[in-house]
Amino acid sequence: MIDHVSIAVRDLGNAEPFYAALLAPLGMRKLREWPNAAIGFGKTYPEFWINLRVSMAAVEEGSGVHICLRAKATGEVDAFHAAALIAGGRSDGAPGLRPHDRVRYYAAFVRDPDGNRIEAVTFPTE
């Protein structure tokens, strides 16, 4: 239903390596760039964009900004979280099983350097 997602970042030079590292375990890579404007990552087409917004304030913790990306397996979720921390992000929920009343899922949450909250999720069957 959703074709692509765009988020704002204050510095493309800092955000590009962060998102390249974060998205690689999920099978995405840089596919498109408009210099000093935007970078698109994806598997076959740009489905995740970072857009330069130099004057934006850091995203506040309670802002509700939250993007969830699907992983194929728990190992991808783990690698997503580890890559984000190595690349300068911070954990907002370590990888783990999150039992819920309707569905069982495995997820990890990170904050990018601008405060955007990004999640990777998979739904293990075992």
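Note: hydrogens, waters and symmetry copies are ignored here, and every other heavy atom, side chains too, is used.
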Decide whether [X] and [Y] are clustered together by the hydrophobic rule: side chain heavy atoms of Ile, Leu, Val, Met, Phe, Trp, Tyr closer than 4.5 Å, transitively.
X	Y	answer
Val5	Val59	no
Val121	Ile67	no
Leu52	Ile118	yes

I'd like to know if the side chain of [X] reaches the main chain of [Y], judged simply by a donor and an acceptor atom lying under 3.5 Å from each other, with no hydrogens or angles considered.
X	Y	result
Tyr45	His4	no
Thr122	Ala71	yes
Asn116	Ala8	yes

As an exercise, state the distance from [atom1] of [X] to [atom2] of [Y], rounded to the nearest 0.5 Å.
X	Y	atom1	atom2	result
Tyr106	Arg98	OH	CZ	8.5 Å
Phe48	Tyr19	CZ	OH	4.5 Å
Phe18	Ile86	CZ	CD1	11.5 Å
Tyr105	Arg70	OH	CZ	12.5 Å
Asn14	Asp114	CG	CG	8.5 Å
Asp92	Glu119	CG	CD	10.0 Å

Which atom pair, heavy atoms only, marks the closest approach of [X] to [Y]?
X	Y	answer
Pro46	Arg32	CG-CB, 3.8 Å
Ala107	Val77	C-CG1, 3.7 Å
Arg111	Glu60	NH1-O, 4.2 Å
Arg117	Val65	CB-O, 3.2 Å
Arg104	Leu97	NE-CD1, 3.5 Å
His81	Ser91	NE2-OG, 2.9 Å

[X] side chain near [Y] side chain, heavy-atom distance below 4.5 Å:
X	Y	result
Asp112	Ile7	yes
Ile50	Leu12	yes
Leu23	Leu69	yes

Trp49 and Trp34 aromatic ring geometry - parallel, tilted or perpendicular at 30°/60° bounds: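 Trp34 and Trp49: parallel rings.
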Ile39 and Glu33: CA distance, side-chain angles, deciding distance, side chain to side chain contact (heavy atoms under 4.5 Å, CB included) verdict: CA-CA 4 Å; Ile39 298 171; Glu33 179 174 3; 3.9 Å; yes
Residues, nucleotides or ligands: over 12 heavy atoms within 6.0 Å of Lys43 NZ: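 Buried by this count: over 12 neighbours within 6.0 Å.
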Neighbour count >12 (heavy atoms, 6.0 Å) for atom CG, Asp3: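 More than 12 heavy atoms, drawn from other residues, nucleotides or ligands, come within 6.0 Å of this atom.
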Verdict with reasoning, Phe80 to Leu22, per side chain to side chain contact (heavy atoms under 4.5 Å, CB included): CA-CA 5 Å; Phe80 158 94; Leu22 173 87; 3.1 Å; yes
